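Being a predicted model, the structure only gives us computed values, none of them experimental. Throughout, a chain's letter reflects where its sequence line sits, starting with A, and its residues are numbered from 1.
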There are 4 protein chains.
Amino acid sequence: MTQIDLVEDRPKLGRKRDPSRDQDILDAALDVLVESGYDGMTVDMVAARAKAGKATLYRRWPSKSALVLDAVACLKAGELDPDTLPDTGTLRGDLVAMIRPPAIRDGERKLRIMSGMVSLLADNPELADAAHAALVEPRAAVNRIFFERAIARGEVAPDIDVEKLILIGPALVSYNVLMLQRPVTREFLISNIDKVILPAAGVRPPPTA
Amino acid sequence: MTQIDLVEDRPKLGRKRDPSRDQDILDAALDVLVESGYDGMTVDMVAARAKAGKATLYRRWPSKSALVLDAVACLKAGELDPDTLPDTGTLRGDLVAMIRPPAIRDGERKLRIMSGMVSLLADNPELADAAHAALVEPRAAVNRIFFERAIARGEVAPDIDVEKLILIGPALVSYNVLMLQRPVTREFLISNIDKVILPAAGVRPPPTA
Amino acid sequence: MTQIDLVEDRPKLGRKRDPSRDQDILDAALDVLVESGYDGMTVDMVAARAKAGKATLYRRWPSKSALVLDAVACLKAGELDPDTLPDTGTLRGDLVAMIRPPAIRDGERKLRIMSGMVSLLADNPELADAAHAALVEPRAAVNRIFFERAIARGEVAPDIDVEKLILIGPALVSYNVLMLQRPVTREFLISNIDKVILPAAGVRPPPTA
Amino acid sequence: MTQIDLVEDRPKLGRKRDPSRDQDILDAALDVLVESGYDGMTVDMVAARAKAGKATLYRRWPSKSALVLDAVACLKAGELDPDTLPDTGTLRGDLVAMIRPPAIRDGERKLRIMSGMVSLLADNPELADAAHAALVEPRAAVNRIFFERAIARGEVAPDIDVEKLILIGPALVSYNVLMLQRPVTREFLISNIDKVILPAAGVRPPPTA
DNA sequence: CGATAAACGAGACGGTACGTCGCGTCTTCTG
DNA sequence: CAGAAGACGCGACGTACCGTCTCGTTTATCG
């Protein structure tokens, strides 16, 4: 992702890079990142945890920040499997069904990981793309499916701005976690749905909300 | 803001702190911050730019992050003067009237400055409060005024969650700038108002939108 | 010695270098050098032993080798005090009187220390001068005194090449220790005097030798 | 020399070692050694220069130092051929006849090469032996022949310490080159003969010296 | 003659030391 | 005494080298 391969048809002499080292190192980097935070993380820590030499790391990534970003990019959990998505018959039902403790924890973890890297994104546009594809897009894709189902059902108008609506939730959560340092609770997520997302989608929330 | 004064009644012996140095240093810090980013910024850079010694900086702020945060906190432009706020008679009119190129640029600059500090917030709750008070609250307060006017006018229902609504805009903008690295355009801000904020407030947007 | 001072009349602002650190560091360097040898010695070891930061070392010496050489240059023991020199009345007596176990051990130690640095001398002529002044010259000066006394006594001809004669002993010892890795014994030193130095000086050695 | 063959009766399967690589590598090692000095030399440099892989080097020599020592050991020029030795009829004539510009240059080159390895000798006694056999002994052997001739001629007493006398010259030269970093000149070598070696041998030097 | 075992060039690997740079503190001198 | 200048202890960074291991290829001997 971050290392650009310029070679065309080099005869590939010499020992090949062991691809399994990549994953070992990325795993180690994630572990250390979660435990120590970006600033507290050390390249030597990662190398030691992965039982690798520092040169092996720097042969693959040009800097600590590139390594960390790649590690985060590989976080994409498998929650986006369309077969396991809930299908409750209503947009609200689907959105609420996605609120599960494991998902909350996973999202909060991702966000805290991201927090150390926001400053890196400004200098590396392509890294921002990678982070987006890895962290944002999977969750947005789930929402996109829900909205498309709702449009097919006639539950929401077909001319709504789906791309904007699917980002409202992530945006509100990110803002609360990163900027306001508030925890993510089920109530907060449900109020986001009922008070912002559904109205924006033109859906009347249930009277109890 | 961040520097806590523990002294009570020190006889203030010797030379007194030159208060003008504070502003010089903060200005220098902002300059360097904007030019080099948080990670690229050095305390020595700031001291040299302000023609100050490092000890003078550390006598006033306990760390680089505190200094930077204070510098950012001083960015709060005077736009929140209630007398200069637009009053167009409609909620949408007020919100749209706040979209002015200088404000956009200023906000975008603040956010990019903030980007380097997101990681600091996680470790320093009080810094998070300070950042919130300095950067988020002023803009939120303006929105709060608009919403309260709209409630007084009967334009929106009095039971809406004002505190949540006033943060939708900042959240969407932050997310787009920091996470997605997208520029802030007038169209984007207006679509936020018409497609998210106003529906969430229960106000029917104009048919042209 | 190794750090060349280019300044002329700089106003000497800021904190001064603590000269006592120089000695602490040199002492630590010598300790580590003797314990671990040149190749086994680490800059971090020296810094840790001296309770100094690596930057403090590198502020004073441009490299590990320069530091080590300076440390060795400071080895000059005070054995060359003219007042404590033996004066036996004969050249041979004086030379033999200098053969004392402590001096042998000290000389052997110096040589072993030097062994790690011979390669450094080739690249740094001025360092070679320093090493010579510190390690060779003191011993040579003692010999010079003995020969001048002998000349004054009429024991040796006044036209002998004193500068060459005073180096025969050090040269033979160095060669045996460094090249041949042989130990320095009293017998070896005495045979040097009787079989090489005295004949070269035109003095008939005693019949027992 | 340095590589010890432990095999007994291995069926010598597979491809055999190409003996020509040995010399290529040693030549490359010497080139790099002379150009860069011992510390500046890298194993990769040698391998690249010899168009060999590092494994090929390490299959033949256990370490960089062993390789270098072997390379130096192969420097032994053919000057020790007894048939080509001068035979002038006097000890001084023979010794002086060995002073030829090519020999001076060769000796100086050897010594500078040796300078990088002195530190290795302390840790590797067997390497010291090898170095001695390769670099010292050939020259000493020539001197030994000269002295034995002189004894046979009755020019010197038969009870002199030949083994010590033959090392005076090498010792003085080594000391001047390695320690004092002085060049080797014809005058220096002749004065060694006339002022040190011949007196030590009990031979009266010519009155002109 | 084909299989097999080892040597070969190339270069990735784990490890370790180097020399640099940044942070936050301490020291010296000047106003 | 505050303040500018800068040295200090500490520790992470990114580089370079050593000696080993792994590729794919070449070469010699064995079955």
Side-chain angles (χ1 to χ4, degrees), chain A residues 10-18 21 39-45 47-48 50-65, chain B residues 12-18 21 39-45 47-48 50-65 67, chain C residues 10-18 21 39-45 47-48 50-65, chain D residues 10-18 21 39-45 47-48 50-65 67:
Chain A
R10 191 156 43 92
K12 324 198 300 171
L13 282 174
R15 178 175 176 177
K16 308 291 166 39
R17 283 193 194 169
D18 182 351
R21 307 309 290 122
D39 289 336
M41 178 177 65
T42 289
V43 177
D44 290 86
M45 285 184 197
K51 292 199 176 306
K54 269 204 294 183
T56 300
L57 273 72
Y58 281 100
R59 206 175 288 122
R60 291 165 154 80
W61 296 275
S63 67
K64 171 185 171 183
S65 52
Chain B
K12 48 186 200 163
L13 286 174
R15 178 173 171 180
K16 286 162 196 153
R17 278 194 197 169
D18 181 351
R21 307 306 292 124
D39 289 337
M41 179 177 66
T42 294
V43 177
D44 292 84
M45 283 185 197
K51 291 204 170 304
K54 274 202 296 178
T56 302
L57 273 72
Y58 280 99
R59 209 175 287 122
R60 289 166 156 82
W61 296 275
S63 67
K64 170 186 172 181
S65 52
L67 164 63
Chain C
R10 189 156 44 93
K12 323 200 299 172
L13 283 174
R15 177 176 176 177
K16 306 291 166 43
R17 282 192 193 169
D18 182 351
R21 307 308 290 122
D39 289 336
M41 179 177 66
T42 290
V43 177
D44 291 85
M45 284 183 197
K51 292 200 174 304
K54 269 202 296 181
T56 300
L57 274 71
Y58 281 100
R59 207 176 288 120
R60 290 166 156 80
W61 296 275
S63 66
K64 170 187 172 182
S65 51
Chain D
R10 187 158 42 94
K12 51 185 197 163
L13 283 175
R15 177 175 172 179
K16 285 161 194 156
R17 281 193 195 167
D18 181 352
R21 306 308 291 123
D39 289 337
M41 178 178 67
T42 39
V43 177
D44 291 85
M45 282 185 198
K51 289 202 171 307
K54 275 203 295 180
T56 301
L57 273 73
Y58 281 99
R59 209 175 286 120
R60 290 166 157 81
W61 295 274
S63 67
K64 170 186 171 182
S65 52
L67 164 63

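In this structure, D/Arg17 places its CZ atom 12 Å from C1' of E/dC8, rounding to the nearest Å. Between the C1' atom of F/dG6 and the CZ atom of C/Arg21 lies a distance of 16 Å, rounded to the nearest Å. Atom NZ in A/Lys51 sits about 19 Å away from atom C1' in E/dA12, given to the nearest Å. Here E/dG9 presents its P atom at 14 Å from CG of D/Asp44, a figure rounded to the nearest Å. Protein atom CG of D/Leu67 is 10 Å distant from nucleotide atom P of F/dG19, rounded to whole Å. Rounded to an integer number of Å, the gap from CG of C/Asp18 to C1' of F/dG6 is 14 Å. Between the P atom of E/dT16 and the CE atom of C/Met41 lies a distance of 19 Å, rounded to the nearest Å. Spacing between atom CG of A/Leu57 and atom P of F/dA12 amounts to 16 Å, rounded to whole angstrom units.
In the set E/dG9, F/dG9, E/dG24, the nucleotide with an atom closest to the side chain of B/Ser63 is E/dG24. Closest to the side chain of D/Ala55, from the set E/dG24, F/dC21, E/dC8, is F/dC21. When each of E/dC23, F/dA7, F/dC13 is scored by its nearest atom to the side-chain atoms of B/Val43, the top-ranked nucleotide is E/dC23. Taking every side-chain heavy atom of D/Tyr58 into account, F/dT20 is the closest of F/dT20, E/dG14, E/dG9.
Nearer the 5' end of DNA chain E, as judged by each residue's closest nucleotide, is the contact made by D/Lys54, out of D/Lys54 and B/Met45. Map B/Ala50 and D/Lys64 each onto its nearest nucleotide of DNA chain F; the residue landing nearer the 5' end is B/Ala50. Between B/Ala48 and D/Thr42, the residue whose closest nucleotide on DNA chain F is further toward the 5' end is B/Ala48. Residue-to-nucleotide proximity on DNA chain E shows that, of A/Ala47 and B/Arg59, the 5′-proximal contact is made by A/Ala47.
Remark: D/Thr56 is not in phosphate contact with E/dA7, judged by side-chain N or O atoms under 4.0 Å from OP1 or OP2. One finds a side-chain N or O of A/Arg60 lying less than 4.0 angstrom from the OP1 or OP2 phosphate oxygen of E/dC13.
Side-chain contact check for B/Leu67 versus B/Lys64: every heavy-atom pair is 4.5 Å or farther apart.
A donor-acceptor pair is defined here as one N or O able to donate and one able to accept, closer than 3.5 Å; such a pair exists between the side chain of C/Arg17 and the backbone of C/Arg59.
Interatomic distance, A/Asp39 CG to B/Asp39 CG, rounded to the nearest 0.5 Å: 7.0 Å.
Across A/Gly53 and A/Ala47, no two heavy atoms sit closer than the pair C-CB, 4.2 Å. Residues A/Arg21 and A/Ala52 come closest through the heavy atom pair NH2-CB, 3.7 Å.
For E/dC8, its base never sits under 3.5 Å from the side chain of D/Arg15 at any donor and acceptor pair.
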